[in-house]
Amino acid sequence: MDKKSLNEEALIYHAEGRPGKIEVIPTKATGNQRDLSLAYSPGVAAPCLEIHKDVNNVYKYTAKGNLVAVISNGTAVLGLGDIGPEAGKPVMEGKGLLFKIYADIDCFDLELNTKDVDEFIRTVKILEPTFGGINLEDISAPACFEIEERLKKELNIPVMHDDQHGTAIISAAALLNALELVDKKIDEVRIVVSGAGAAAISCSRLYVSLGAKSENIFMYDSKGLIHGDRTNLNGKKPEFINNTMPKETTLGQILDGADVFIGLSKGNILDEEMVSKMASEPIIFAMANPTPEISYEKAKAARPDCIMATGRSDYPNQD
Amino acid sequence: MKCGAVYALAELAKKPVPDMVNMAYNNANLKFGKDYIIPKPVDPRLITTVAPAVAKAAMDSGVALHPIQDWDAYETELSKRLGNDNTLSKVIETKARQDIKQVVFADAEDIAVLKAASVVLEEKIAHPILLGNRKVVEQMLLEQNITLPNVRIIDPKVAETEAEKATMERYSHHYYDKRKRKGVSKQEARNTMRSRSYYASVMVDLGDADAMIGGMTNKYPATVRPALQVVGARPEVRKVASMHIVMTKSGPLFFADTTINHHLDAEDIASITELVANQVRGFNIEPRIALVTYSNFGSVPTGDSAMLMREATKILHDRHPDWIVDGEMQAHLAINEKELKQQYPFSKLVDKPANVLIFPNLSSANIAYNLMQTAGEMDVIGPVLLGLKKPIHILQLGSTVRQIVDMVGIAAIHAQEL
């Protein structure tokens with residue numbers, strides 16, 4: 001299918017039958033009047049009172065425990081950018097669908113019409129009674145950091161920003177195993193991170209909490225090394241300032257002798273020569289999608305001893 | 001909790017990989033190493049490994065509001081959740097992709113077939129060859145806005161170029177050779193080759209295509225005939241049969257014989273059961289077989305179907321004492337191991353529900369899968385023809401694009417095994 005017909009197919013897929021991708025289905029019998037008198041008035045008063053007595057009973061008598069809110073304001077939808085809450089809805093419904101088919105977790109998708117961080121947080125906070133968990137989705141950086149941090153502090157139910165932590169968790173697992181295979185220690189390796197967005201920050205944080213040393217992590221944004229002498233560092237980038245090398249150090253120079261490359265930036269920014277200078281048995285996670293920072297073939301050709309992972313299912317080690 | 005997930009994922013990659021996962025990656029022998037550092041997405045152990053690890057971490061850190069007390073029950077509950085996922089379809093597609101086979105669509109003058117051809121080409125499940133009137137097919141492709149790069153359209157009714165004429169002659173001769181002692185003349189063979197079902201069957205028999213997907217039909221047995229005459233059953237096969245796969249919430253159920261044989265004796269039932277069991281093992285699923293009817297282990301002593309299935313069970317028990325196969329029994333007992341255990345604790349199926357249901361006749365099998373599909377709103381794949389020398393499957397009228405794609409995947413996997 002070429003792109004055009006894929007698009008057409010996708011529009012038909014979403015529009016046919018009942019529009020959208022999800023619906024609500026009762027989980028209890030509703031066949032007769034007696035069922036309905038249990039499900040709703042007057043029977044429903046009994047669980048209401050039980051929950052009123054002890055609010056924890058809400059997990060016993062309602063769907064709260066298996067219900068996740070997928071919440072977005074549509075400011076960073078896929079690679080499409082700030083397309084607004086309504087335009088983000090198909091993605092949020094899609095995430096709900098994935099929750100359902102892979103883990104049988106029910107979702108309501110909520111698209112919020114606000115870019116104001118405080119208003120966003122306040123809204124999610126007052127929704128807390130309804131849900132067992134909050135999955136934040138496609139919110140632009142740096143707002144996403146503050147929203148997630150404050151909600152985690154202020155809510156009693158789990159909060160997770162998928163864009164940050166999904167990649168972080170699987171790449172961290174891959175990193176641990178790759179290091180074991182090449183017999184290197186996480187607190188000794190030099191890690192070069194290409195990209196400084198939400199995923200790069202979150203990955204680097206997780207590597208640190210697994211034992212990596214901040215002074216061994218060199219993060220690059222599109223303008224160069226994240227360095228204390230730079231005046232144009234926004235968001236969470238200052239967290240990964242590394243002054244152990246000069247500000248002008250290029251990606252190619254820093255890779256000379258580096259053990260690990262983490263790519264969360266864009267395709268084809270790495271060449272064979274840069275890879276060939278890396279330390280023995282280098283670990284290369286080129287996770288830019290759909291085109292990795294360096295192709296599997298090129299990386300393996302330049303460094304047959306490397307461990308390579310990409311975001312693509314047609315090569316080994318998909319993140 | 002994130003670290004809990006990280007360690008669980010990292011540890012899982014070091015454990016032996018389930019057959020099902022290996023199979024999905026072309027029988028790769030995946031083991032911990034440079035090309036396998038994280039688990040594959042289709043690994044069914046993910047949900048039962050990672051979720052409990054995260055839950056434990058949540059309990060240890062004190063954020064869990066409802067600490068889990070019974071971990072076994074939690075794991076059982078988690079694995080039940082996986083039934084929602086059509087893992088089998090994914091296994092089929094992933095495996096088909098590993099070695100792309102040429103699949104001839106015997107009747108391409110159908111929108112669903114063309115859409116399916118487009119999907120299998122795009123998803124690299126197989127490489128299609130289309131049979132049909134070129135103008136008609138091209139017009140339909142245009143109207144549907146489908147492009148099929150590098151896909152041949154062959155019209156067996158019109159051999160224009162020298163190459164096409166030579167192919168036609170070669171196919172006619174092949175068919176004539178097979179049928180000359182069955183009263184077929186050379187001229188008749190030439191005429192027969194103008195039929196797309198025969199042409200496609202000869203293509204597969206001669207290896208010009210690896211598998212065939214027959215046109216949609218409501219006269220199924222008649223449409224199977226070209227495949228039987230040209231390709232034929234494997235020598236050890238008593239009767240070619242067909243199977244439907246019903247995707248239930250708790251996993252796939254395999255039904256047979258759903259479309260071919262009107263009258264079956266006990267030996268037939270036993271041999272069809274063997275065909276199905278082998279096919280199910282081909283999907284790397286251990287068959288748990290129930291021979292179903294209206295009677296349970298002799299409860300109706302003299303009914304025709306009851307006696308038939310009892311006799312077939314006996315044959316299978318004698319021939320395969322180690323197989324998990326039992327009967328005769330009612331269908332609900334076959335898939336409800338608790339009830340079965342309560343009433344018939346001696347049955348071979350008391351540990352886990354059956355996944356293969358063998359029916360006493362065509363009517364019951366055919367009615368059962370159609371009801372599941374329509375009243376039960378379940379996805380169904382089939383009919384999967386069993387027992388032929390080469391993979392040939394005929395579509396039934398009303399097959400959806402998804403069903404056709406699944407059938408192509410199954411045909412492609414068969415072709416890989418040859």
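Protein chains get the first letters and strands the later ones, always in sequence-line order, with residue 1 at the start of each.
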Which residues pass the side chain to side chain contact (heavy atoms under 4.5 Å, CB included) test with B:Ala57, sequence neighbours left out?
-> B:Met1
Within a reach of under 6.0 Å around NE2 of A:His52, are more than 12 heavy atoms found that belong to other residues, nucleotides or ligands?
-> no
Contact part of A:Ile283 toward chain B, heavy-atom cut-off under 4.5 Å: side chain, backbone, both or neither?
-> neither
Applying a strict 4.5 Å limit to non-hydrogen atoms, the region of A:Lys60 in contact with chain B is neither
For A:Ala173, side chain to side chain contact (heavy atoms under 4.5 Å, CB included) partners two or more places apart | B:Val6, B:Leu9, B:Ala10, B:Ile38
Are A:Glu281 and B:Lys34 ion-paired here, with the side-chain N under 4.0 Å from a carboxylate O?
-> yes
Heavy-atom proximity to chain B below 4.5 Å, by part of A:Asn156 | backbone
B:Leu371, CG atom: more than 12 neighbouring heavy atoms under 6.0 Å = yes
For atom CG of A:Asp183, is the number of surrounding heavy atoms from other residues, nucleotides or ligands below 6.0 Å larger than 12?
-> no
Is the NZ atom of B:Lys352 crowded by more than 12 outside heavy atoms at less than 6.0 Å?
-> no
Contact class of A:Leu206 relative to chain B, heavy atoms under 4.5 angstrom = side chain
Among the options B:Gly33, B:Ala51, B:Ala5, B:Ala13, pick out the one with the most heavy-atom pairs lying under 4.5 Å from chain A.
-> B:Gly33
B:Glu377 CD: over 12 foreign heavy atoms closer than 6.0 Å | no
Contact class of A:Phe285 relative to chain B, heavy atoms under 4.5 angstrom | side chain
Quick one: what part of B:Lys124 sits under 4.5 Å from any heavy atom of chain A, side chain, backbone, both or neither?
-> neither
Select all residues of residues 174-181 of chain A having any heavy atom within less than 4.5 Å of some heavy atom of chain B, and report them by number, or 'none'.
-> A:Ala174, A:Leu176, A:Asn177, A:Ala178, A:Glu180, A:Leu181
Please round to the nearest 0.5 Å and tell me the distance separating atom CD of A:Glu9 and atom CG of B:Asn145.
-> 10.5 Å
Using the test side chain to side chain contact (heavy atoms under 4.5 Å, CB included), find all partners of A:Lys298 that sit at least two apart in sequence or belong to another chain.
-> A:Glu272, A:Ile294, A:Ser295
